[in-house]
Amino acid sequence: MSAPSRPSPAAAPARSAARAPLTFDRGHTDDLMSFLAAGPTPYHAVATAAERLEKAGFRQVAETDAWDGTTGGRYVLRGGAIVAWYVPEGAVAHTPFRIVGAHTDSPNLRVKPRPDTGAHGWRQVAVEIYGGPLMNSWLDRDLGLAGRLTLRDGSTRLVNVDRPLLRVPQLAIHMDRNVSAEGLKLDKQRHLQPVWGLGDTVRDGDLIAFLEEEAGLARGEVTGWDLMTHSVEPPAYLGRDKDLVAGPRMDNLLSVHAGVAALAAVATSGTDLPYIPVLAAFDHEETGSQSDTGADGPLLGSVLERSVFARGGSYEDRARAFAGTVCLSSDTGHAVHPNYAERHDPTHQPRVNGGPILKVNVNNRYATDGSGRAVFAAACEKADVPFQTFVSNNSMPCGTTIGPITAARHGISTVDIGAAILSMHSARELCGADDPYLLANALVAFLEG
């Protein structure tokens, strides 16, 4: 088992009373739980991120407006994605960027265009499977409903029914005697439609009418919707010593929260910055990132280029800036599971509360190379944060992230990192209570350069 990597005593002595303290501590983890609860959908997550950045002095700019090249913090919202950046004093047109990349979406159950359904006296909501959820984790769980409503005038309104509204009831063992021996087998079409009431008649429009009332809208005002279920059980500390955190959507709001906190801290620190720090939190990573708000879309490249041009830059300046840019693609990774340790590589078994993980895959499922490792190691050394390394077991396929997409699409040096968790893609995941703030401190050091 590989121990967490930490700078050698000769290179970087252990933090002492004379050394600057970490920017974040366990209070960051408390704040993460509030962030998770406030972000049941990507739309809510980016709205919460924007609100926090506004408090740090950032201002929203519209993509349809002309941009200026003055110093300060700005952000762009598009659907469930946000790109924010801070132009420091002294930045020139070819100043490179330091980017923290993440994603806002999580696997879940999403409402179909004709949501009202039911049978045998039950009223149900028709849902589609988004991404690759651990489907059994959505059974017998109290679910709320949240998302974005589009109105007749083209405007949008967020809605969040954060109370027990729906439930996917599991079949009783008395009617499936083989489930313990053969395992649970779920049909995505037949077995995952939640119930939300009783009634022999299915009435089209009932669900949307209910949500219009919840959102304080007039009947018939909603003409479009992007709605999804979420567990209403709040995040919580877990364990005898409360050294674990259980909660929803850690993949990947844990990274979004760390990126927002790090960018705000850097922008308000008064530190001279040799780079332009950026946060890019995309939607649709769980389904391939191919959308106008996904990492495989044009959003990030457009924002970076417009920032260069707004500062009077040319295409040559854009090329110079991109050539010196580095992106940390921060996404949760797999901590070693005590009941399935054989699924990990025997010499790369990250532990929770062991610090962020560096993800490596020679087949480019992750974008990390040796040079990228050095950049991340330097940031962790500066922050006095330990880090670990993850490599997939050779006998198992390796997942991927926005990292390779970002590197290939924009020609930007990219490094894949993240926090180690268990139960990834479950309705409720598990992380170490120290890892969120260790990650955020490493991100601060990286953005500072």
Side-chain angles (χ1 to χ4, degrees), residues 20-25 28 31-32 35 49-50 52-53 55-58 71-76 82-92 94-103 252 254-282 300 303-304 307-308 321-331 355-356 358 367-368 371-385 387 402-403 406-407 410 412-419 435-449:
L22 294 174
T23 303
F24 304 109
D25 55 20
H28 175 89
D31 191 61
L32 167 64
F35 190 82
R52 290 169 175 234
L53 290 171
K55 291 179 180 178
F58 285 70
T71 60
R74 298 167 178 79
Y75 67 90
V76 167
I82 183 170
V83 180
W85 67 102
Y86 178 78
V87 180
E89 293 283 350
V92 295
H94 60 266
T95 298
F97 301 92
R98 279 286 175 105
I99 305 168
V100 172
H103 68 88
N252 186 33
L254 189 158
S255 293
V256 176
H257 175 256
V260 170
L263 180 60
V266 169
T268 57
S269 67
T271 303
D272 291 333
L273 300 174
Y275 302 98
I276 295 173
V278 180
L279 169 68
F282 302 101
L300 176 60
V303 168
L304 298 184
S307 176
V308 170
F322 277 42
T325 293
V326 181
C327 173
L328 287 189
S329 166
S330 182
D331 202 347
L358 180 75
T368 306
S371 297
R373 185 189 191 281
V375 170
F376 184 60
C380 290
E381 179 177 333
K382 178 180 178 182
D384 196 24
V385 167
F387 74 91
I402 65 167
T406 302
H410 306 294
I412 289 173
S413 176
T414 304
V415 189
D416 273 297
I417 65 160
D435 283 328
Y437 73 81
L438 292 175
L439 172 64
N441 282 295
L443 297 184
V444 167
F446 166 74
L447 291 176
E448 287 178 341

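Only this structure's heavy atoms are used, side chains among them; waters, hydrogens and symmetry mates stay out. Predicted model, so just to flag it, every value in this text is computed and none were measured.
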- prompt: For the side chain of Asn441 and the backbone of Phe24, is there at least one donor-acceptor N/O pair under 3.5 Å apart?
  reply: yes
side-chain hydrogen bond (donor to acceptor under 3.5 Å, both in side chains) with [X]: which residues, sequence neighbours excluded?
{"X": "Tyr75", "result": "Glu54"}
{"X": "Ser307", "result": "Arg311"}
{"X": "Thr271", "result": "Ser269"}
{"X": "His94", "result": "Arg320"}

message: What's the separation between atom CD1 in Ile276 and atom CZ in Arg98, rounded to the nearest 0.5 Å?
response: 12.5 Å
Side chain proximity check, [X] to [Y], heavy atoms < 4.5 angstrom:
{"X": "Ile82", "Y": "Val76", "answer": "no"}
{"X": "Leu438", "Y": "Pro356", "answer": "yes"}
{"X": "Tyr275", "Y": "Leu447", "answer": "no"}
{"X": "Leu279", "Y": "Val83", "answer": "no"}
{"X": "Val266", "Y": "Leu273", "answer": "yes"}
{"X": "Val278", "Y": "Leu304", "answer": "yes"}

task: Scan Leu439, Asn252, Asp31 and name whichever one has a side chain to side chain contact (heavy atoms under 4.5 Å, CB included) with His257.
output: Asp31
message: Hydrogens and angles aside, do Asp416 and Ser329 bring a side-chain donor and acceptor to less than 3.5 Å of each other?
response: yes
Over all atoms of both residues, closest heavy-atom pair of [X] and [Y]:
{"X": "Ala264", "Y": "Ala56", "answer": "CB-CB, 3.8 Å"}
{"X": "Thr23", "Y": "Ala265", "answer": "CG2-CB, 4.0 Å"}
{"X": "Ala379", "Y": "Ala442", "answer": "CB-O, 3.8 Å"}
{"X": "Ala84", "Y": "Leu53", "answer": "CB-CD1, 3.6 Å"}

query: What residues, two or more places apart in sequence or in another chain, satisfy ring-ring contact (aromatic ring centres under 6.0 Å, His included) together with Phe58?
result: none
message: Before we go on, tell me: are the rings of Phe376 and Phe387 under 6.0 Å apart, centre to centre?
response: yes
query: If you look only at pairs with a residue in residues 439-449, which of them pass as a salt bridge (Lys or Arg N to Asp or Glu O under 4.0 Å), with sequence neighbours excluded?
result: Lys382-Glu448
